[in-house]
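To keep things clear, I will list the structure first and then write my remarks on it.
Quick note: numbers below take in every heavy atom, side chains included, and nothing from hydrogens, waters or symmetry partners. Chain naming here is simple, since letters A, B, ... match the order of the sequence lines and numbering starts at 1 in each.
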2 protein chains.
Amino acid sequence: MKFESVTIKDIAKVLHLSTSTVSRALRDSYEISEETKKLVVEYAKSVNYRPNPSALNLKKRRSRTLGITISEIANSFFSQIIAGVESVAQEKGYNVIISQSFENFEREQEAVRNLSQSVDGMLISLSSETKSLEHIEQLQDRGMPVVFFDRITKSLEGHKVRSNNFKGAFQATAHLIQNGYTRIAFVGNPDNLAIIKERKRGYDEALESHQIPPTEAYIKYCLHGGLSYDEVERVMEELLQLENPPQAILSCADKITTNCYRYLVKHDIRIPDQMALVGFSNLDLTEFLHPSLSIIQQKAVTMGVQAAELLIQQIESKRPVVDFSEIVLEPDFFARASSAPSDPGK
Amino acid sequence: MKFESVTIKDIAKVLHLSTSTVSRALRDSYEISEETKKLVVEYAKSVNYRPNPSALNLKKRRSRTLGITISEIANSFFSQIIAGVESVAQEKGYNVIISQSFENFEREQEAVRNLSQSVDGMLISLSSETKSLEHIEQLQDRGMPVVFFDRITKSLEGHKVRSNNFKGAFQATAHLIQNGYTRIAFVGNPDNLAIIKERKRGYDEALESHQIPPTEAYIKYCLHGGLSYDEVERVMEELLQLENPPQAILSCADKITTNCYRYLVKHDIRIPDQMALVGFSNLDLTEFLHPSLSIIQQKAVTMGVQAAELLIQQIESKRPVVDFSEIVLEPDFFARASSAPSDPGK
DNA sequence: CTGAAAGCGCTAACAG
DNA sequence: CTGTTAGCGCTTTCAG
């Protein structure tokens, strides 16, 4: 089954004109008489003519398509990002192709390589298993505009949009300490991600500024980004089996937060009395959970919007962009019941 | 800035071969000697050759791209659908372009027309304001494979994947009645959507089978699909201002359910004592809300998977498909606290 | 003001 | 087994 559609040639034939005249008339060229233009434009409208995008792409060497690679769509943070990206793309006449890495390096490489031929530019949030950036560097070397968002890297140039991760983690950790928790675990994605390093730094400094010595055993990294419940379950069990288990958890990824919460409820570990929880999350309705969940919320839609705007700007720029911006969005912290002990100071 | 990439011509030049030989070698044609093949394939790999998709599309008249039009991405149901679609698309080597209607008819028309030139087939869930199907019929007439999912229509042919909406609504309503509620409101998207008609029918029949007379004032349709909180707020206020307000609400859309819940909590209307709530929802963690939310949950990921599989099958079918399937997925009903009165039978 | 022709990257007859 | 050629739909010189 093939889709039949009207071409410029068809129009030319019917109107007894050449394809070039039709082409020019349609793009309102000054060299075409008003009459001819009108004739062509009206006929084109009547047959619902739409230019073939592939032909246009081939000719113009651009596709008016943006690529975006993320870990997975089924994640409130990323779907909000996408909503933001789509909104500016739609407005500026671009399409968006999504590619998921599922936190896997090979899949990310493959996705990036695949997209590279189909898009005018790319929005990238690195996977948590990414160990090298060659695949991206190659693209950039050949002139592909790349904007990094969320999980950015210091190693490559390009526009970057990220949250103030240090602050988010610092604030949340300090909040836990103020609420009387001293044994605080840090659970996050692997720290080859700069974003996690930053959050870890926020956590570390908050402890330090309150004279709480760090505990190595409280630091846990989920290799697969907490994508599966099992992974988080394992981490939780390791933490609980410590001689001196933590009293609170700072979770550093949307999926991990959700799965921690699920684990605690499932195992009848009372939140916050037996275990307090604060996490990065962009889920809706966390305020209505029981207990309500304290969260660090990122400005996901805004992040998508800004990243897409920078990307389109770079794509449409006449001269190579050399001056890159790094936009930092402030996360919002919501202190709720999951981190407020009924008996503070215990 | 344009993206430079290696073409078949470049390879041909370097290896002193013709472009056709290179082309054939790359697609492992039987007419090419093993040596030449090896030479070409290896060189191609070394320079990271990737065929230009636009050129391929133009030639083959297909894009290996699926289009999907939905109301909006920032909706748990639809993002799960997309996750399902993406998974089979990725597996079968297709890209996916998403288009959002935001429940607006004009935007849907525009989206469909836009996509029509860029995709090999389309997955469509109608917007709640869609009043005519010409734009889709036109596509189909010109041979574009279209698979309807979720919000399907009886008026057009094509594969269809949907939930058993009648049953979902019937079950939830019957559950409310069994829990002692008799004054039950129905809040949904406009009933030009067949899916809503079905849910309404489920609601009606559940009432009827328990000898509860219907009350016109309890039936509310959100014109914009409950996309904005304000819309739902208005509906809720209308319901509460009735002389004899309902005791329970059956909400028939993800967004409406969330916004109803939010409204009730915000206005300190105790759930379920002052107002019970059951709704269609695919949100995560509804079980942990306080009170936990009774939901009718659709098999969203499966729906995406099946719809995408049918679409690809139709796209790749040699002969026009005339025999269309309609897949019906059974929703899961979870009875929770939001519909279980402490004082049943009141 | 309009047309003829070339070319974007690729495939597929058709020739050898 | 390999090369020449035409053409997918469109834009764009270059000629008239």
Establish, with yes or no, whether the OP1 or OP2 oxygen of D:dT2 is under 4.0 angstrom from a side-chain nitrogen or oxygen of B:R24.
no
Atom CD of A:E34 and atom P of C:dC1 are separated, to the nearest Å, by 8 Å
Quick one: label A:S20 by what it contacts on the DNA or RNA (base, sugar-phosphate, nothing), any heavy atom closer than 4.0 Å. base
Atom CG of B:L58 and atom P of D:dA6 are separated, to the nearest Å, by 18 Å
message = For a quick test of reading the model: is some side-chain N or O of B:Y49 closer than 4.0 Å to OP1 or OP2 of C:dC10?
response = yes
Quiz item: Would you say D:dG3 has OP1 or OP2 under 4.0 Å from some side-chain N or O of B:T21?
Solution: yes
A:L39 CG to C:dC1 P, in whole Å, measures 15 Å
Query raised in the report: Between B:T7 and C:dG9, does any side-chain N or O lie under 4.0 Å from OP1 or OP2?
Result: no
In whole angstroms, the gap separating P of D:dC10 from CZ of A:R62 amounts to 14 Å
Of the candidates D:dT11, D:dT4, C:dA12, the side chain of B:S18 sits closest to D:dT4
Determine whether a donor-acceptor pair (one donor, one acceptor, N or O, separation below 3.5 Å) exists between the side chain of B:K59 and the base of C:dG9. no
- prompt: Heavy-atom count around A:E326 CD within 6.0 Å, excluding the residue itself: above 12?
  reply: yes
Exercise for the section: Evaluate the side-chain proximity of B:V14 to B:V47: yes if any heavy-atom separation is below 4.5 Å, no if none is. Expected result: no
field: Residue pair B:I315 / B:R62, side-chain heavy-atom distance below 4.5 Å
entry: no
Q) So, is B:T36 close to the D:dT2 phosphate, meaning a side-chain N or O under 4.0 Å from OP1 or OP2? A) yes
Can you tell me if A:S128 and A:N189 form a side-chain donor-acceptor pair at under 3.5 Å? no
(Q) Assess whether a salt bridge exists between B:E103 and B:R151, defined as any Lys/Arg side-chain N lying under 4.0 Å from an Asp/Glu carboxylate O. (A) yes
DNA chain C nearest-nucleotide lookup for B:P51 and B:E31: closer to the 5′ end is B:P51
| Phosphate OP1/OP2 of D:dC8 contacted by A:K9 side-chain N/O (<4.0 Å) | yes
A:L56 CG to D:dG9 P, in whole Å, measures 13 Å
Does a side-chain N or O of A:R50 approach OP1 or OP2 of D:dG9 to a distance below 4.0 Å, or not? no
Judged by nearest nucleotide, the residue sitting upstream toward the 5' end of DNA chain D, B:K60 or B:K37, is B:K37
Taking only side-chain N and O atoms of A:S23, does any of them lie within less than 4.0 angstrom of OP1 or OP2 on D:dT11? yes
Atom OH of A:Y30 and atom C1' of D:dT11 are separated, to the nearest Å, by 14 Å
Separation of C:dC10 atom P from B:R27 atom CZ, nearest Å, is 10 Å
Atom CZ of A:R61 and atom C1' of D:dC10 are separated, to the nearest Å, by 14 Å
inquiry  = If you compare every side-chain N and O of B:T19 against the phosphate oxygens of C:dC10 (OP1, OP2), does one of them come in below 4.0 Å?
reply    = no
Lys/Arg-Asp/Glu bridge criterion (N-O < 4.0 Å) met for A:E35, A:K38: no
Picking from C:dT11, D:dT2, C:dA4, the nucleotide nearest the side-chain atoms of B:I8 would be C:dT11
